[in-house]
Amino acid sequence: MAVAELTLVPIGTNSTSVSKYIANALDSIGEIKGLTYELNPMGTVISHSDLSVLYKVIKKMQESVFENGANRVYSVIKIDDRRDKNYTFKDKVKSVNEERKTNS
C-alpha cells in the first residue's frame with residue numbers, strides 16, 4: 001500500500017485564497033477504484049495499492065491547478081510505499097496513538 005501527501009501551492013493568481021484551486025484539484029480525480037483520500041489543512045493524503053495510480057492522481061491534481069488559471073504551482077509530495085504488510089493511512093495514525101497510550 002502506498003500513501004502520499006500532496007501539497008499544492010498555486011502561484012500567480014489574483015487572490016491570496018487558493019481554496020477554489022484545491023477544490024477543483026480534488027474534483028478532477030473523480031472516482032478511482034481503491035483510492036482513498038483525506039483533505040487536511042496543509043495538503044491531501046491519498047492512498048492506493050498501486051503506486052503508479054498515485055502518480056497519475058498527483059499529476060491530474062497538479063494539472064487541474066494550471067487549468068484553473070494559476071501561472072505556477074509549487075508542489076510538495078511525500079510518499080510512503082510499504083510492501084511488507086497491508087495498511088492504510090488511518091492505520092498509521094492509529095498505531096502512533098496506541099504507542100502514545102502505551103507510553104503514558
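Values reported hereafter were calculated over all heavy atoms of this structure, with side chains retained and with hydrogens, waters and symmetry mates removed.
One side chain, Asp80 or Tyr87, offers a donor N or O that lies under 3.5 Å from an acceptor on the other.
Side-chain N or O atoms of Thr13 include none that pairs as donor or acceptor with a backbone N or O of Ala70 at under 3.5 Å. Looking at His48, its side chain never comes within 3.5 Å of a backbone N or O of Val57 through a donor-acceptor pair. The main-chain N or O of Asn40 is never found under 3.5 Å from a side-chain atom of Thr44 such that the two would form a donor-acceptor pair. Asp27 places no side-chain N or O within donor-acceptor distance of the main-chain N or O of Asn24, the cut-off being under 3.5 Å.
When side chains are defined from C-beta on, Val65 does not count as touching Val9, because their heavy atoms never get closer than 4.5 Å. Between Thr88 and Thr36, every side-chain heavy-atom pair lies at or beyond the 4.5 Å cut-off. In this structure, the side chains of Leu51 and Ile79 come closer than 4.5 Å at one or more pairs of heavy atoms. Side chains of Arg83 and Asp81 form a contact here, defined as non-hydrogen atoms less than 4.5 Å apart. Contact check for Glu63 versus Lys59: side-chain heavy atoms found under the 4.5 Å cut-off. Counting only heavy atoms from C-beta outward, the side chains of Val96 and Glu99 never approach each other to under 4.5 Å.
The two residues Met1 and Ser47 come nearest to each other via the heavy atoms SD-OG, 3.2 Å.
Within 6.0 Å of the OH atom in Tyr74, the count of heavy atoms belonging to other residues, nucleotides or ligands does not exceed 12. Summarising the local packing, CG of Asn14 is surrounded by 12 or fewer heavy atoms from other residues, nucleotides or ligands at distances under 6.0 Å. A 6.0 Å sphere centred on CZ of Arg82 holds more than 12 heavy atoms belonging to other residues, nucleotides or ligands.
Both Phe66 and Leu6 are assigned to one and the same hydrophobic cluster, defined by single-linkage of ILVMFWY side chains at heavy-atom distances under 4.5 Å. Cluster annotation: Tyr37 is connected to Ile77 through the hydrophobic network of ILVMFWY side chains, with a link wherever side-chain heavy atoms come within less than 4.5 Å.
In this structure, CG in Asp91 is found 9.0 Å from CG in Asn86, a value given to the nearest 0.5 Å. Interatomic distance, OG of Ser75 versus CD of Gln62, reported as 3.5 Å (0.5 Å rounding).
For the side chain to side chain contact (heavy atoms under 4.5 Å, CB included) criterion with Met61, the lone passing option out of Leu26, Val73, Ile22 is Leu26.
Met42 shares a hydrophobic cluster with no other residue; no ILVMFWY side chain has heavy atoms under 4.5 Å from its own.
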